[in-house]
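Take a look at the structure below.
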2 protein chains.
Amino acid sequence: MNFLPLLRELVRTYQAFDSFSARHIRALGLTTSQFDVIATLGNTPGLSCRDIGEKTLMVKGTLTGVLERLEKKRLITRRENPEDKRSVLVQLTPAGQRLFDRVFPAHLAWLAPAFARLTPEELGALQQQLAALRQALEQAPE
Amino acid sequence: MNFLPLLRELVRTYQAFDSFSARHIRALGLTTSQFDVIATLGNTPGLSCRDIGEKTLMVKGTLTGVLERLEKKRLITRRENPEDKRSVLVQLTPAGQRLFDRVFPAHLAWLAPAFARLTPEELGALQQQLAALRQALEQAPE
DNA sequence: ACTATATTGTACGCATTCGTACCAAATTTG
DNA sequence: CAAATTTGGTACGAATGCGTACAATATAGT
């Protein structure tokens, strides 16, 4: 019942993915977080910070800074949401849209060969096993 | 061949573990990285930064700062390695050793119930599948 | 021995990450 | 309807995390 090797492998695999992915994204002039936001906003009419946080798995405090830097790069805009004055509508600018169109397919094409080394069955099984572990962690008593 | 759900699950599971683990470690007055270093140094005669980095999966630049803060807390010492004057011998102080003795078993006991929700077979299978994905990522062409 | 190269760790800058506190707006309660 | 609570974002501080550059030492090739 030694789970430490599994833990180590979880971290190593996560880092291996992040490193492989980030290498490409950095060459495109973005950080991983910035890319995730751009990718999430693509083909949407605009999202709230809450929505973006849910999709990108970023907590709201982190998102504020990422959005600031994307705004400074003129890739997104933040405007008031008339439906709910607490929230903000984040949208891609035309430049952001062009970047999305150029960068998103390119990054999928970068990742695809790595994942093609595993069968769809393996990918599905891994996803299920990860979900089981995650639920165990989320439901574990304190 | 859509691997995005798997990616999302990988990140979510990693975060779920980190969150569950960090909650306990923070209550002990440490950060995750600091705990990892203390845990790695425990029951050793001292290690180089290189060794610690390999074990904790931290890059050396990150490690420098973590060691600084642990040194400030008087939990570790950095001394010259006579065998190789480039490297540094990092050791637990008596206080660091006492902290290790108190904190390391406690943290394993904190984690164990979560992992006990999965069978050893599941844990082993997950570890193998993660390793397969990691190798695919590491060997993928650029 | 001499030089080219590799290894070990630090310095530094930039961006992220998280927790906590806080404000304003919206929703729920009594 | 007024008070209490929840929700959406921001502000802020501390600590990673990573890439690049750099100094000191060690090793290899000649």
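This one's a predicted model, so the numbers in the text were calculated from it and none came from an experiment. Chain A is the first sequence line, chain B the second, and so forth, proteins listed ahead of strands; every chain is numbered from 1.
Applying the salt bridge (Lys or Arg N to Asp or Glu O under 4.0 Å) test to every pair with at least one member in residues 41-50 of chain B, sequence neighbours left out, gives these pairs: B/R50-B/E54. Evaluation of the side-chain hydrogen bond (donor to acceptor under 3.5 Å, both in side chains) test over residues 35-45 of chain A, restricted to residues two or more places apart or in two chains, returns none.
In this structure, a donor-acceptor pair under 3.5 Å is absent between the side chains of B/S87 and B/D84. If you check the side chains of B/S48 and B/D51, you find a donor sitting under 3.5 Å from an acceptor. Between the side chains of A/T13 and A/E9, a donor-acceptor pair is found at a separation under 3.5 Å.
Although no hydrogens or angles enter the test, the distance criterion places no donor-acceptor pair under 3.5 Å between the side chain of A/S21 and the main chain of A/F17. Judged by distance alone, the side chain of A/R117 and the main-chain N or O of B/Q139 form a donor-acceptor pair under 3.5 Å.
Taking B/E68 as the reference, nothing meets the salt bridge (charged side-chain N to carboxylate O under 4.0 Å, His left out) condition, with sequence neighbours excluded. When the ring pair (Phe, Tyr, Trp, His ring centres under 6.0 Å) test is applied to A/F115, the partners found at least two apart in sequence or on another chain are B/F3. Every residue two or more places apart in sequence or in another chain was checked for a salt bridge (charged side-chain N to carboxylate O under 4.0 Å, His left out) with A/R102, and none qualifies. Take A/E80 and apply the salt bridge (charged side-chain N to carboxylate O under 4.0 Å, His left out) test, not counting sequence neighbours, and it matches no residue.
Contacts of residues 12-27 of chain A with DNA chain C (heavy atom under 4.0 Å): none. Contacts between residues 62-77 of chain A and DNA chain D, defined by a heavy-atom separation below 4.0 Å, involve A/T64, A/E68, listed by number. DNA chain D lies under 4.0 Å from at least one heavy atom of each of the following residues of residues 29-54 of chain A: A/S48, A/C49, A/R50.
Between A/E83 and A/N81 the shortest heavy-atom distance is N-OD1, 2.9 Å. The shortest non-hydrogen separation linking A/Q129 to B/A125 is NE2-CB, 3.7 Å. Of all the heavy atoms in B/P45 and B/L89, the pair that sits closest is O-CD2, 4.5 Å.
The footprint of chain A on DNA chain C, defined by a heavy-atom cutoff below 4.0 Å, extends from C/dA15 to C/dA26.
Comparing the start and finish of the helix from C/dA1-D/dT30 to C/dG30-D/dC1, five pairs each, the helix axis swings through 40°, to the nearest 10 degrees.
Heavy atoms of other residues, nucleotides or ligands lying less than 6.0 angstrom from NZ of B/K73 number more than 12.
Two residues are said to be in side-chain contact when any heavy atoms from C-beta on lie closer than 4.5 Å; B/M58 and B/V37 meet this criterion. The shortest side-chain heavy-atom distance between A/L30 and A/L99 falls under the 4.5 Å cut-off.
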**Q.** Contact letters for nucleotides 22-27 of chain D, in which S counts primed atoms plus P, OP1 and OP2 and B counts the base, heavy atoms under 4.0 Å
**A.** --BBS-
